[in-house]
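Predicted, not measured: the structure shown is a model, and the values here were computed from it.
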Amino acid sequence: MTKSRKNTAFLAASALIAILAVIFVLFSAKPAYAGTVKPSGKTGGYTDKTNIQRELDKHGSVTLVKGKTYYTDGPIHISSNKTINANGATIICRKTVMFNIPTKTGYKSIENFTLDGGTWKYYGSNGYSGSSIKIIHGKNIVIKNATIRHAHASGHTIELVACKNVKIIKCNIAPLGSSNSQTEEAIQLDVATHSTAYFLESKPFKTSLAKTLQNGATCKKVTIKNCTIVGNRGVVANYTRKEGGKYLGKLHSGVVLKNNKITGLKGEGVSLFNTKSATVKNNTIISRASGSGSAYTIGLHFACFGSNSKLKKGKITVTGNTVKGGRQAMQIYSHTSSKYGTVTIKNNKLYCKKGKNAALKVSSAQCLSLSRINNSYNGWNGK
């Protein structure tokens, strides 16, 4: 073959390869920006909310444009296998930010949902009176990289009811407005009952399923790490005495708090009630509640209400934290004959308004095994 023929054949082959490569890319690659929504610029909120919901439902994910501002006039309805990518975007909300409508128990109402990023704000300065994000009977939930300034101090920023395998990571949460309530927390881990999940008995929820969904299910394997959290209370695993004490024996489990700064403005920094197992590591936890006579002034508060033999099968580990409170910096206490299992309190710095001798309250008689190792106990002036 002559040199010119060889060159011609080489060029033809190269051209064919290039064409095939283009065809492969066009027909095999997924669009990089499928589900991206551009802001409408309309502050009323209807258009952006509708567009976000449509793309989320259509593609399974929606991406908001970094540096842009969106407006919503109602909640985003979330469901299984969905992702909201909002890094760098700002979303101004007139009502609830988002929630799911549960139809199943067994942590199966919403599975594999992720919220990644975004600065989520209420349109007014005083905050929304209800919960900003509400997730019920779900599992495999991730909320990360989000800044949320939406709920009024009398509400919850994130409310989890009967949820399992949840991760809240690198979020910055604080309330708007002010309230004297000592019992409203920024992040609430709740048990599903009539008294705690009463909202299931009204629209937009499926009211016919309310009694089925109010089954006493608790939260399990919830990890909160690398967050800054401020609320009238910071983080609380909740319980209820109501309904004749029917659900007092229900226990949360697998709670992990790591590398957070958590502040309670009117109540505890962290309260883990009826919680069988928890790891609290390398956090700064503060109660700024006034006074030093009430349990609401405790920085880190564990308490058991109701009898449950399974409590003693759990493990509570508290290590490397700085905790500040009024009546105590930290308390672990059972209000019944039920005992905690293995309790380890190690390398913590505990500060108390009542003085260093009151900084830690825990009894070996209420734990099957109790270890207190290398903690420091200090007075605190509340500042």
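Side chains of Ser271 and Glu268: a donor-acceptor N/O pair is present below 3.5 angstrom, by distance only. At a cut-off of 3.5 Å, with distance as the only test, no side-chain donor of Tyr70 or Thr90 sits close to an acceptor on the other residue. Side-chain contact check for Ser195 and Glu243: at least one donor-acceptor pair (N or O, by modelled atom type) lies under 3.5 Å. With 3.5 Å as the limit, one finds a donor-acceptor pair spanning the side chains of Thr193 and Thr196. Between the side chains of Glu184 and His152, no donor N or O sits under 3.5 Å from an acceptor N or O.
With values rounded to the nearest 0.5 angstrom, Asn226 atom CG is found 5.0 Å from Asn259 atom CG.
A distance of 6.0 Å or more separates the ring centres of Tyr107 and His137. Aromatic ring centroids of Phe199 and Phe205 lie under 6.0 Å apart. Residues Tyr239 and His252 place their aromatic rings such that the two centres sit no closer than 6.0 Å.
Between His150 and Tyr122, the ring planes lie perpendicular to each other; the angle is over 60°, past the 30° to 60° tilted range. In this structure, His77 and Phe99 have tilted ring planes: the angle between them lies in the 30° to 60° band.
At least one donor-acceptor pair under 3.5 Å links the side chain of Thr275 to the backbone N or O of Phe273.
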